[in-house]
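Some notes on the structure that comes next.
Side chains included, hydrogens not; waters and symmetry mates left out as well; all remaining heavy atoms used. Predicted, not measured: the structure shown is a model, and the values here were computed from it.
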Amino acid sequence: MPETTESPVELVRAIVAAHRGERGVLLPILHDIQNRFGYIDPDLVPALAHELNMSRADVHGVITFYTDFRSEPGGAATVRICRAEACQSVGAEKLVADAEQVFGVKAGQTTPDGSVTLQQVFCLGNCALGPAAQVNGRMYGRVDRGRLIELLANEGDA
Amino acid sequence: MITVYVPCDSAAVSVGADEVASALEAVAGDRIRLVRNGSRGMLWLEPLVEVETERGRVGYGPVTPSAVAGLVEAGMLDGADHELCVGVVEELPWLADQQRRCFARVGVTDPLSVTDYEAHGGLAGLRAALAREPADVITEVTDSGLRGRGGAGFPAGIKWKTVLDTPGETKFVCCNADEGDSGTFADRMLMEGDPFCLIEGMTIAAHAVGASEGYIYVRSEYPDAVATLRRAIDLGYEHGWLGRNILGSELTFDLFVRVGAGAYICGEETSMLESLEGKRGMVRSKPPIPAITGLFGKPTIVNNVLTLASVPTILADGAAAYAELGMERSRGTQVFQLAGNIARGGVFETAFGISLGELVNDYGGGTRSGRPVRAAQVGGPLGSYVPASQFDLPTDYEAFAEAEAMLGHGGIVVFDDTTDMSKMARFAMEFCAEESCGKCTPCRVGSVRGVEVIDRITGGEDPDGNLAVLNDLCELMTDGSLCAMGGLTPNPVRSVLTHFPEDFHANPREAT
């Protein structure tokens, strides 16, 4: 990737400018920032608040309300395992326990080497083919311990 | 060229449909026209490959990538018999017995083909609506008996009339596609499998109430649905189905997709409006209702995906044809979703009234594990657990309410006899604690206390005293919460207390 000369704050300004004229733009802007940087650096909040003419507290409040937005970098891969009722009925709790054992972290944490962030999620909309998991945004069905390890290995090759 | 269909639906992809499509291209790419359709909704057969033949579309499933070469060799492209062959797909009882109105095109067409859409009846509803006065369109929707498919079952026509009758220069049509309930995936399948149908329904709604702008609020857990909708909207603008002078009429309607950020509560309509405004998804007090004071304080229609997607067929074929289906005050069809521990899970759209047992046992084939069914949770995480002994219940909003259950959006999650129901009751409280927006105390604090009290009961600590506390807490949450999240969380808990009290004895399973 070519080195960018723009500073993060300039990038934030550009993202805000791209959404000018739209209604209620904070969520789309936060999604764009997270897509660009992988997380929303708290240091960017003052600039964002200034650009949107909002208080820093309001911006912080929105970021912390939604589980998707993170304030520190995640792992290279994000694994989300569904723990909702339909997946529980076919063994999701065991899959979460297996994943915690495989990666050596609890749900909500990132492995020390930064390779994987493990998250729980409530429903991926794959309720007839559970247990369901999402790896880097792609959904998988009928996941068990073996398939999870296989998926991660394949992600590493990709 | 032989036309071959491999679904692009994310459930099909989750079990290998993309790899099957690649394998097909590699083995027979020069002989076939590969169409990525939506899913037929028979999810146990996914990936389901269909081949166009003189007899109709012949299906093969579930197909693995490694089986593709063998299937082609065995004559799959001519519709030849094979152990994976399921026959002509539309003749399968599971599909033939359905009454698909909302899902008529899902699985049949290429979701992003405008020619497919029109060839299969698309735009007929919008054309019929644009030829009529807004008030007449609303009368048609009211007469059809269509009720909100998101779960609450509020009559759609009445909501629309309120918006029409509220004066205002700016009005909005918002589609609630924050399908967060476990056991529901029909919204996702429709958005991925027939996005133009939702767009058409929203455009009809815009004409009916005088709105010029619309938003589809999709949860972030559905990236494929978001991508499909965005491409469909672009195509809609290109073909004059959106934007200015839609289909040559006076109507102007702009449509946008907005993506949630992992908050279940944003499926509650006022919380969704707050989120669309760029705020924390905190529930608003009602009144005022969104129909009068909605998005940015303007009159706003908020409807679920399937409610809006049912509108085109109502306008195209008339209210009477729709209202003919169903029972009592539940008119038309419901898109049932068979989920959880079920042998044949998927989408089954049929008239209201079919019994829960027919759906779960006859079409669903019982549990996937092969063990007896113990219970089904109907209507999502806020719905009751219905014991197998009550499976003769007809699927009708009022019949369910009378049995202290909730039909909701028709999501049915099946559990087998190894399930510890006290754990499910505990999970209902845990989920509420995790997802509460925090605005009202009964929900925010009550759910945390609920988990603690259930732990004490199952831990054998003064069970009778703590059961009384739990009942009291449930009553308080029901009566005192601001919205359905806290107000309905006691439903699953109480249903477990009523139907499976034995599971609340101190660790019944661990003792054996």
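Looking at P223(B), the atoms closer than 4.5 Å to chain A (heavy atoms on both sides) all sit in the side chain, from C-beta outward. Within the 4.5 angstrom heavy-atom criterion, only side-chain atoms of V121(A), from C-beta onward, approach chain B. With a threshold of 4.5 angstrom between heavy atoms, V414(B) approaches chain A through N, CA, C or O but not through any side-chain atom. Of the two parts of E85(A), the backbone and the side chain both hold a non-hydrogen atom closer than 4.5 Å to a non-hydrogen atom of chain B. Residue E435(B) touches chain A through its side chain alone, counting heavy-atom pairs closer than 4.5 Å. Only the backbone of L276(B) comes within less than 4.5 Å of a heavy atom of chain A; no side-chain atom from C-beta onward does. Heavy atoms closer than 4.5 Å to chain A are found in the side chain of Q377(B), but not in its backbone. Heavy atoms of T184(B) lying under 4.5 Å from chain A belong exclusively to its backbone. With a threshold of 4.5 angstrom between heavy atoms, R344(B) does not approach chain A through any atom at all. For Q119(A), no part lies near chain B; criterion is any non-hydrogen pair under 4.5 Å. Residue contact with chain A, scored on non-hydrogen atoms closer than 4.5 Å, involves the side chain of D18(B) exclusively. Neither the backbone nor the side chain of F256(B) comes within less than 4.5 Å of any heavy atom in chain A. Both the backbone and the side chain of R83(A) come within less than 4.5 Å of a heavy atom in chain B. Contact of Y222(B) with chain A is made through the side chain alone, with heavy-atom distances under 4.5 Å. At a 4.5 Å heavy-atom cutoff, the contact between C437(B) and chain A is made by backbone and side-chain atoms alike.
Using a cut-off of 4.0 Å between Lys/Arg side-chain N and Asp/Glu carboxylate O, D98(A) and K94(A) are scored as salt-bridged. Under 4.0 Å is where a charged nitrogen must lie from a carboxylate oxygen, and between D416(B) and R368(B) no such pair does.
Geometrically, R188(B) does not engage F185(B) in a cation-pi contact, judged by NZ or CZ lying under 6.0 Å from the ring centre and within 45° of the ring axis.
Looking only at side-chain heavy atoms (C-beta outward), E22(A) and R258(B) come within less than 4.5 Å of each other. Contact check for Y264(B) versus D178(B): no side-chain heavy atoms found under the 4.5 Å cut-off. In this structure, the side chains of I412(B) and I342(B) stay at 4.5 Å or more apart for every pair of heavy atoms. No side-chain heavy atom of L30(A) sits less than 4.5 Å from a side-chain heavy atom of Y66(A).
Between chain B and the options R147(A), R80(A), R138(A), E93(A), heavy-atom pairs under 4.5 Å are most frequent for R138(A). The candidate from F415(B), F427(B), Y215(B) with the greatest count of non-hydrogen atom pairs under 4.5 Å with chain A is F427(B). Comparing S275(B), G438(B), G180(B), A428(B) by heavy-atom pairs within less than 4.5 Å of chain A, the highest count is held by S275(B). Ranked by heavy-atom pairs under 4.5 Å with chain A, the first of G340(B), G183(B), A263(B) is G340(B). Among E430(B), E46(B), M282(B), the residue making the largest number of heavy-atom pairs under 4.5 Å with chain A is E430(B). Taking chain A as the reference chain and counting heavy-atom pairs below 4.5 Å, the highest number among M189(B), E434(B), E179(B) is found for E434(B). In terms of heavy-atom pairs under 4.5 angstrom with chain A, the leader among A339(B), G411(B), S182(B) is S182(B).
Checked by atom type and distance alone, the side chain of N491(B) pairs as donor or acceptor with a backbone atom of L382(B) at under 3.5 Å. Looking only at distances, no side-chain donor or acceptor of E268(B) sits under 3.5 Å from a matching main-chain atom of I265(B). Side chain of S436(B) to backbone of A433(B): no donor-acceptor contact under 3.5 angstrom is found.
Within 6.0 Å of the NE2 atom in H50(A), the count of heavy atoms belonging to other residues, nucleotides or ligands does not exceed 12. Within 6.0 Å of the CZ atom in R56(A), the count of heavy atoms belonging to other residues, nucleotides or ligands does not exceed 12.
Aromatic ring orientation, F348(B) versus W94(B): perpendicular (interplanar angle above 60°, classes split at 30° and 60°).
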